[in-house]
A.B. asks: 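My questions all concern the structure below.
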Amino acid sequence: MEALTGLEHEILLFIQEYIRADWLEGFMKAVTFLGNGGWFFIVLGILLAAHPKTRTCGFLLLAALAVDAVVLNLGLKNIVQRVRPYDQFPDLILIIERQADFSFPSGHSGCAFAAAGVLLLAPPKGRRAFGRGMLALAVVIGFSRLYVGVHFPTDVLAGAAVGFLSALLVVFLYRRQERAKKAGDTQTE
């Protein structure tokens, strides 16, 4: 584990020394802000749920966010209790405020990939490109967490995995329920 943490430290130092730039800082802060508390994805889910043609997708997105939050924020963060990289390595420079919770896994990445997963697996009709766009945003949000210095790479990867698996679970259960409902409707005819 120490070797992995050392490698992650080197990756964060590389980002800090060779990728950070004044012209990029505002953009990365804005992108990372989208994941704060999941607000952007919650609003997106509500907006989708409010429109009849996208209602199912909106509810699935909100359900995936709920599963992700329970597993990630209430479960894994408190079980693993990994300290933030800036608390472990004083040579890492933080460019946003200190975070109040534990580092592993990344909640921002979890929310972003839960939303992207739903929009990829069960997009609203005629809006398949929306899922690909959300996936691109999720990747940028995950990278932003490294860029601003608040997560280790494995935190981001684990958050992305939990988020996508949350979406996969929710979509799977929904489709299973829909199949059972159709089978029940067929039997009653």
Side-chain angles (χ1 to χ4, degrees), residues 8 11-12 14-15 19-21 24-49 51 54 56-77 80 82 84-85 95-96 99 101-175:
E8 291 186 288
I11 291 169
L12 292 174
F14 179 85
I15 291 168
I19 298 177
R20 276 189 189 169
L24 194 53
E25 192 170 303
F27 173 75
M28 285 298 185
K29 285 180 178 180
V31 168
T32 212
F33 172 73
L34 293 176
N36 288 358
W39 74 268
F40 176 78
F41 305 105
I42 294 168
V43 169
L44 177 62
I46 291 169
L47 290 173
L48 289 169
H51 192 280
T54 58
T56 298
C57 182
F59 284 128
L60 291 173
L61 196 155
L62 293 169
L65 291 174
V67 170
D68 175 70
V70 169
V71 171
L72 212 145
N73 293 323
L74 299 178
L76 291 173
K77 277 189 184 275
V80 176
R82 186 178 197 186
R84 297 278 177 172
I95 62 171
I96 62 170
Q99 306 294 288
D101 59 353
F102 294 110
S103 187
F104 182 90
S106 165
H108 285 63
S109 297
C111 285
F113 278 88
V118 167
L119 292 169
L120 283 168
L121 298 167
K125 287 187 172 140
R127 295 195 172 100
R128 280 209 163 306
F130 195 41
R132 291 189 292 272
M134 189 57 67
L135 179 60
L137 178 61
V139 169
V140 175
I141 287 174
F143 179 74
S144 78
R145 302 306 283 168
L146 304 175
Y147 186 93
V148 299
V150 295
H151 280 294
F152 290 103
T154 52
D155 300 341
V156 170
L157 292 173
V162 170
F164 192 80
L165 289 172
S166 298
L168 194 61
L169 175 67
V170 166
V171 170
F172 169 78
L173 292 175
Y174 169 75
R175 287 183 178 156

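Small disclaimer: the values here were computed from a predicted structure and weren't measured.
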A.B. asks: I need the minimum non-hydrogen distance between Leu34 and Phe40, along with the two atoms involved.
C.D. replies: O-CB, 3.1 Å

A.B. asks: With sequence neighbours left out, write down each residue that passes ring pair (Phe, Tyr, Trp, His ring centres under 6.0 Å) with Phe172, or none if nothing qualifies.
C.D. replies: none

A.B. asks: For the atom pair NE2 (His151) and CD (Gln99), what is the distance rounded to the nearest 0.5 Å?
C.D. replies: 6.5 Å

A.B. asks: Which pairs with one or both residues in residues 160-170 pass salt bridge (charged side-chain N to carboxylate O under 4.0 Å, His left out), sequence neighbours excluded?
C.D. replies: none

A.B. asks: Which atom pair, heavy atoms only, marks the closest approach of Phe152 to Pro85?
C.D. replies: CZ-CA, 3.5 Å

A.B. asks: With salt bridge (charged side-chain N to carboxylate O under 4.0 Å, His left out) as the rule and sequence neighbours excluded, what pairs involving residues 145-172 come up?
C.D. replies: Arg82-Asp155

A.B. asks: Side chain to side chain contact (heavy atoms under 4.5 Å, CB included), that's the test. Do Asp101 and Arg84 meet it? Break it down for me.
C.D. replies: CA-CA 9 Å; Asp101 59 353; Arg84 297 278 177 172; 2.4 Å; yes

A.B. asks: Side-chain contact, heavy-atom cut-off 4.5 Å: Leu121 with Phe164?
C.D. replies: yes

A.B. asks: Which atom pairs, one a donor and one an acceptor, fall under 3.5 Å between side chains of residues 137-144 and the rest of the protein, sequence neighbours left out?
C.D. replies:
from, atom 1, to, atom 2, distance (Å)
Ser144, OG, Thr32, OG1, 3.2
Ser144, OG, Ile141, O, 2.6

A.B. asks: Extract all donor-acceptor atom pairs below 3.5 Å that involve side chains of residues 64-71 and protein atoms in other chains or at least two apart in sequence.
C.D. replies:
from, atom 1, to, atom 2, distance (Å)
Asp68, OD2, Cys111, N, 3.4

A.B. asks: Does Met134 reach the side chain of Leu44, with side-chain heavy atoms less than 4.5 Å apart?
C.D. replies: yes

A.B. asks: Among pairs that include at least one residue of residues 110-121, which meet salt bridge (charged side-chain N to carboxylate O under 4.0 Å, His left out), considering only residues two or more places apart or in two chains?
C.D. replies: none

A.B. asks: Name all pairs fulfilling the salt bridge (charged side-chain N to carboxylate O under 4.0 Å, His left out) condition that reach into residues 132-141, sequence neighbours left out, sorted by first residue then second.
C.D. replies: none

A.B. asks: Say you draw a straight line from CZ of Phe104 to CG of Leu72; how long is it, rounded to the nearest 0.5 Å?
C.D. replies: 8.5 Å

A.B. asks: Determine whether Leu119 and Leu48 make a side-chain contact, defined as any pair of heavy atoms from C-beta on separated by less than 4.5 Å.
C.D. replies: yes

A.B. asks: Could you tell me which non-hydrogen atom of Gly35 sits nearest to which non-hydrogen atom of Phe41, and how far apart they are?
C.D. replies: CA-CE1, 4.3 Å

A.B. asks: Please identify each residue that fulfils side chain to side chain contact (heavy atoms under 4.5 Å, CB included) with Pro153, with sequence neighbours left out.
C.D. replies: Glu8, Ile11, Leu12, Leu146

A.B. asks: Checking Phe33 now: which residues fulfil ring pair (Phe, Tyr, Trp, His ring centres under 6.0 Å) with it, not counting sequence neighbours?
C.D. replies: Trp39

A.B. asks: Given side chains that start at C-beta, do those of Ile95 and Tyr147 come closer than 4.5 Å, heavy atoms only?
C.D. replies: yes

A.B. asks: Hey, what do you get for CG (Leu168) to CG (Leu173), rounding to the nearest 0.5 Å?
C.D. replies: 9.5 Å

A.B. asks: Side-chain contact test, heavy atoms from C-beta onward, threshold under 4.5 Å: evaluate it for Leu24 versus Phe27 and give yes or no.
C.D. replies: yes

A.B. asks: Who pairs with Arg175 by side chain to side chain contact (heavy atoms under 4.5 Å, CB included), at least two apart in sequence or on another chain?
C.D. replies: Ala122, Val171, Arg179

